[in-house]
Amino acid sequence: MAEVLVYVDHVDGAVRKPTLELLTLARRIGEPVAVALGAGADATAATLAEYGAVKVLTADAPEFADYLVVPKVDALQAAYEAVSPAAVLVPSSAEGKEIAARLAVRTGSGIITDAVDLEAGAEGPVAVQSVFAASYTTKSRVTKGTPVITVKPNSAAPEAAPAAGTVEPLAVAFGEKATGTKVVARTPRESTGRPELTEAAIVVSGGRGVNGAENFPLIEALADSLGAAVGASRAAVDAGWYPHTNQVGQTGKSVSPQLYIAAGISGAIQHRAGMQTSKTIVAINKDAEAPIFELVDYGIVGDLFEVVPQLTDEVKSRKG
């Protein structure tokens, strides 16, 4: 069976969930070969093997931490040349898409971004995408070179499938451009204790109807009761009520959780583009004609200042 390269997203050896999803999808089209780079790369092996990696190619060098993107592209290209894979899968983060695009250019291959599913095809892997603000679903395949595909988080449920996970060192020769952009400072992100927005299984978002930054604790309380991430519409972000890093929408982040709760969000196309692929959508809005109700699975016509606290209390009471 052909091998499929999977780029590993990890933090000091802790493998992030989107990579486990990629390994699950990779098994549909071949044998996953994971590529783990940077500090803690070797420590990823046990987890990667548990989810189906037959081999784990590892490399560590100062360049991966001290410079932006290009050293990682050099390493992924080295893995590509060593393995001659049937496809290359990369998480659909901002960095992941840049790495994938650069690799596709270097290898003369086609690229598909933001896939939400993968299927095995007679002429190569078929990528499923949600396009035009999630109004249509398309199926595409790369017709030139080796398919390079980025996959959105929460596109598949990670499934364990223990494999050998043999660790092999990856020899990487860095090019002249690898040290072109240096990281000169880092500021740790302040932790909220909540899941990362694009990876969360549940997202609770607030919009214009929240009517002020002072009212966002209502949204946060519901999110915390559910173990969810907190999102915000562009209107809420532009008004300065919540940080831009939490914006869901066409100009913010795209999310695809199991459950998405929209409170006080009208459902403009800009917002829908970032959340319409959610598995189950619940909306709370006092305007019965709000566009958001056109796409929800469950809609509550009511004042969020009354509904959200009751919902939070109910969730807490059911948890014991």
Can we say Glu306 and Lys286 salt-bridge, meaning some charged N sits less than 4.0 Å from an Asp/Glu carboxylate O?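 No.
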No-hydrogen, no-angle side-chain donor-acceptor test under 3.5 Å, [X] and [Y]:
X      : Y      : answer
Thr113 : Lys152 : no
Ser92  : Asp114 : yes
Ser205 : Tyr260 : yes
Tyr80  : Thr146 : yes

Under the side chain to side chain donor-acceptor pair (under 3.5 Å) test against Glu314, which residue among Arg318, Lys316, Gln310 passes?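 Of Arg318, Lys316, Gln310, side chain to side chain donor-acceptor pair (under 3.5 Å) with Glu314 is met by Arg318 alone.
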If we check side chain to side chain donor-acceptor pair (under 3.5 Å) with Thr251, which of these qualifies: His271, Gln270, His244?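 Among His271, Gln270, His244, the one that satisfies the side chain to side chain donor-acceptor pair (under 3.5 Å) with Thr251 is Gln270.
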Taking all atoms of both residues into account, what is the closest heavy-atom pair of [X] and [Y], and its distance?
X      : Y      : answer
Ala273 : Gln250 : CB-CB, 4.0 Å
Gln77  : Leu103 : CA-CD1, 3.8 Å
Ala59  : Ala41  : O-CB, 4.2 Å
Ala86  : Ala2   : CB-CB, 3.6 Å
Val255 : Ser278 : O-OG, 4.0 Å
Asn285 : Gly264 : ND2-C, 4.0 Å

Qualifying side-chain hydrogen bond (donor to acceptor under 3.5 Å, both in side chains) pairs with a residue from residues 165-178, counting only residues at least two apart or across chains: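 Not a single pair qualifies under side-chain hydrogen bond (donor to acceptor under 3.5 Å, both in side chains).
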List the steps, then state whether side-chain contact (heavy atoms from CB on, under 4.5 Å) holds for Lys72 with Val172. CA-CA 10 Å; Lys72 297 173 183 177; Val172 182; over 6 Å; no
Same cluster for [X] and [Y] if Ile/Leu/Val/Met/Phe/Trp/Tyr side chains link at under 4.5 Å?
X      : Y      : answer
Leu37  : Val167 : no
Val204 : Leu218 : yes
Leu311 : Phe216 : yes

With heavy-atom distances below 4.5 Å as the criterion, would you say the side chains of [X] and [Y] are in contact?
X      : Y      : answer
Val148 : Val142 : no
Val4   : Leu25  : no
Val69  : Arg102 : yes
Asp117 : Ser155 : no
Asn154 : Lys17  : yes
Lys97  : Val90  : no
Glu21  : Val151 : no

Check residues 291-302 and write down every donor-acceptor pair under 3.5 Å in which the side-chain atom is one partner and the other belongs to a residue at least two apart or another chain.
unit_1, atom_1, unit_2, atom_2, d
Asp297, OD2, Ile281, N, 2.8

Run the numbers on Lys253 and Glu196 for side-chain contact (heavy atoms from CB on, under 4.5 Å), then give the verdict. CA-CA 11 Å; Lys253 293 181 177 178; Glu196 204 283 321; 3.5 Å; yes
As a test of understanding, state which of Arg28, Lys139, Arg141 forms a salt bridge (charged side-chain N to carboxylate O under 4.0 Å, His left out) with Glu119.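 Exactly one pass, corresponding to Lys139.
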More than 12 heavy atoms of other residues, nucleotides or ligands under 6.0 Å from CZ of Arg208: is that the case?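 Incorrect, the count does not exceed 12.
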Please check this pair: side chain of Asn215 against backbone of Val210, looking for a donor-acceptor N/O pair closer than 3.5 Å.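 Present.
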